[in-house]
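What you see below is based on every heavy atom in this structure, not just the backbone, and it leaves out hydrogens, waters and symmetry mates.
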Amino acid sequence: MHDLSERKYKILEAIIRNYLETGEPVGSRTISKYTDLNLSSATIRNEMADLEELGYILQPHTSAGRIPSDKGYRLYVDQMLADKEKEVEELKEMLLEKSDQMDRLLEQTAKALATTTEYTAMVSAPKGGNRIKFVQLSRVDAGHMLVVVVSEGNMIKNTIIDLDSDLSDENLLKLNILLNTHLNGLAMEEINLAMITAMKQQAGVHSDIISEVIDAVAAAIKNDEELKIYTSGTHNIFKYPELSDNSKASEIITSLEEKTVLREIVTETLSGDKPESGIQVYIGEETPVAGMEDCSVVAATYELEEGMKGTIGIIGPKRMDYDKVIGTVKSMLHQLDDVYHRRN
């Protein structure tokens with residue numbers, strides 16, 4: 001990594017962060033407030049003298065504070081990018097593992113619901129929240145930059161954008177700090193024109209990059225990947241005479257097989273006004289799916305972590321055993337939460 005002790009590196013990091021914020025040389029007294037080392041100003045001055053001798057910081061004027069040298073910036077940027085890249089890679093590995101576990105868990109949930117209720121069950125995969133956790137810019141080559149956006153639920157989106165000219169390490173670092181200072185924790189609808197204008201002004205000649213990064217963030221938050229829906233117990237439709245008529249059964253089964261149609265139930269459930277129980281019941285023509293006017297749907301929203309939400313639902317005849325179905329759905333909401341957090 002580098003030849004500095006942890007204490008020296010923390011002091012260097014504090015100098016760089018403070019200098020980037022203020023543009024003024026940084027003194028030992030200021031550093032004592034920026035570190036968690038609880039060191040005296042005299043000790044910090046000694047460490048700063050060593051950092052200066054090693055070429056990581058400079059003293060522009062006698063009796064003035066220090067500023068980072070190119071060597072200091074290089075170490076800081078390399079270390080920061082290495083840490084971020086490691087974090088992103090760990091997130092990717094974790095997400096791949098969780099995704100595989102989640103597929104199995106939701107398939108099992110749909111089967112269990114169908115078996116217990118003797119109706120048809122559907123479970124939608126969770127969608128991530130729309131808040132930004134962090135943005136990381138990394139240089140690919142002289143003409144391209146990688147934008148990594150991590151949103152709630154640790155959803156990761158990578159985008160390559162073109163550069164009109166190469167970026168220095170210092171400017172790349174400033175853009176990373178600028179973007180994360182303004183965007184971390186925000187939902188897309190909270191990023192307004194005034195905020196974007198302010199970021200562009202601070203970015204100066206690199207204001208065009210801000211526009212492209214905002215577009216990349218919007219695309220990541222939109223997350224237009226195909227929504228996964230798991231179904232089970234479709235054959236249970238034939239147990240109920242009022243649904244087993246050839247034309248009706250065919251229409252219902254087609255709706256269930258064309259899972260894009262079930263997105264209407266998911267969208268309605270996730271966006272609808274929920275009663276205190278958190279359970280929504282659609283009876284007959286209230287059902288938001290064409291072709292299911294002779295059915296009832298009992299649906300509920302489950303939430304895992306950091307805004308990751310999905311829908312579980314039971315589809316059956318209008319004379320379904322509502323008491324049993326609602327009890328089963330409530331129980332499954334608790335079980336799903338317990339199993340997910342035990343696995344993670």
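A heavy-atom distance below 4.5 Å is not found between the side chains of E24 and I67. At least one side-chain heavy atom of I15 sits less than 4.5 Å from a side-chain heavy atom of M48. Between V213 and L175, every side-chain heavy-atom pair lies at or beyond the 4.5 Å cut-off. Here the side chains of K324 and Y322 are not in contact, with every heavy-atom distance at 4.5 Å or above. Contact check for L137 versus L172: side-chain heavy atoms found under the 4.5 Å cut-off. Contact check for I314 versus T328: no side-chain heavy atoms found under the 4.5 Å cut-off. Contact annotation: the side chain of N176 never approaches that of V135 to less than 4.5 Å [non-hydrogen atoms, C-beta and beyond]. The shortest side-chain heavy-atom distance between F134 and Q136 falls under the 4.5 Å cut-off.
Of the inter-residue distances, the one linking E190 atom CD with I132 atom CD1 reads 9.0 Å to the nearest 0.5 angstrom. To the nearest 0.5 Å, atoms CD (E212) and CD1 (I160) are separated by 11.5 Å. Y9 contributes atom OH, which lies 15.0 Å from atom CD of E47 (distance to the nearest 0.5 angstrom). Note that the CG atom of L173 and the CZ atom of R17 stand 8.0 Å from one another [nearest 0.5 Å]. Taking CG of L51 as the start and NZ of K8 as the end, the distance is 6.5 Å to the nearest 0.5 Å. Considering CZ of R319 and OG of S296, their distance stands at 11.5 Å, rounded to 0.5 Å.
Salt-bridge check for K200 with D208: failed, with every basic side-chain N at 4.0 Å or more from each acidic carboxylate O. Remark: K10 engages E6 in a salt bridge, criterion side-chain N to carboxylate O under 4.0 Å.
Nearest heavy-atom pair across L58 and P68 is CD1-O, 4.5 Å. Scanning both residues, I279 and A300, for their nearest heavy atoms gives CD1-CB, 3.8 Å. Residues I191 and I214 approach most closely at CG2-CD1, 4.3 Å, considering heavy atoms. Between Y302 and S124 the shortest heavy-atom distance is OH-O, 2.5 Å. Nearest heavy-atom pair across L106 and P126 is CD1-CD, 3.9 Å. L54 and L4 make their closest contact through CD1-CD2, 3.7 Å (heavy atoms, listed as atom of the first residue, atom of the second, distance).
Side chains of T109 and E107: a donor-acceptor N/O pair is absent below 3.5 angstrom, by distance only. Checked by atom type, the side-chain pair T197/Q201 shows no donor-acceptor distance below 3.5 Å. Using a 3.5 Å distance cut-off with no hydrogens or angles, the side chains of N46 and T43 do not pair a donor with an acceptor. Residues Y73 and S168 bring no donor and acceptor atom of their side chains to less than 3.5 Å of each other.
A side-chain donor-acceptor contact under 3.5 Å links T117 to the backbone of L113. Judged by distance alone, with hydrogens and angles left aside, the side-chain atoms of Y240 form no donor-acceptor pair with the main-chain N or O of N236 at under 3.5 Å. Looking only at distances, no side-chain donor or acceptor of N18 sits under 3.5 Å from a matching main-chain atom of V26. Panel note: side chain S32, backbone R29; a donor-acceptor pair is recorded below 3.5 Å.
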Take N158 and V147 through the test side-chain contact (heavy atoms from CB on, under 4.5 Å) and record every step on the way to the result. CA-CA 6 Å; N158 297 333; V147 182; over 6 Å; no

Start with the C-alpha gap between Y76 and Y56, add the side-chain angles, then the distance that decides, and say whether ring-ring contact (aromatic ring centres under 6.0 Å, His included) holds. CA-CA 10 Å; Y76 177 69; Y56 290 106; over 10 Å; no

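When the shell of 6.0 Å around CD of E189 is examined, it contains more than 12 heavy atoms from other residues, nucleotides or ligands. Open room surrounds CG on D323; 12 or fewer heavy atoms of other groups in view lie less than 6.0 Å from it. In this structure, D164 places its CG atom where only 12 or fewer heavy-atom neighbours from other residues, nucleotides or ligands lie under 6.0 Å away.
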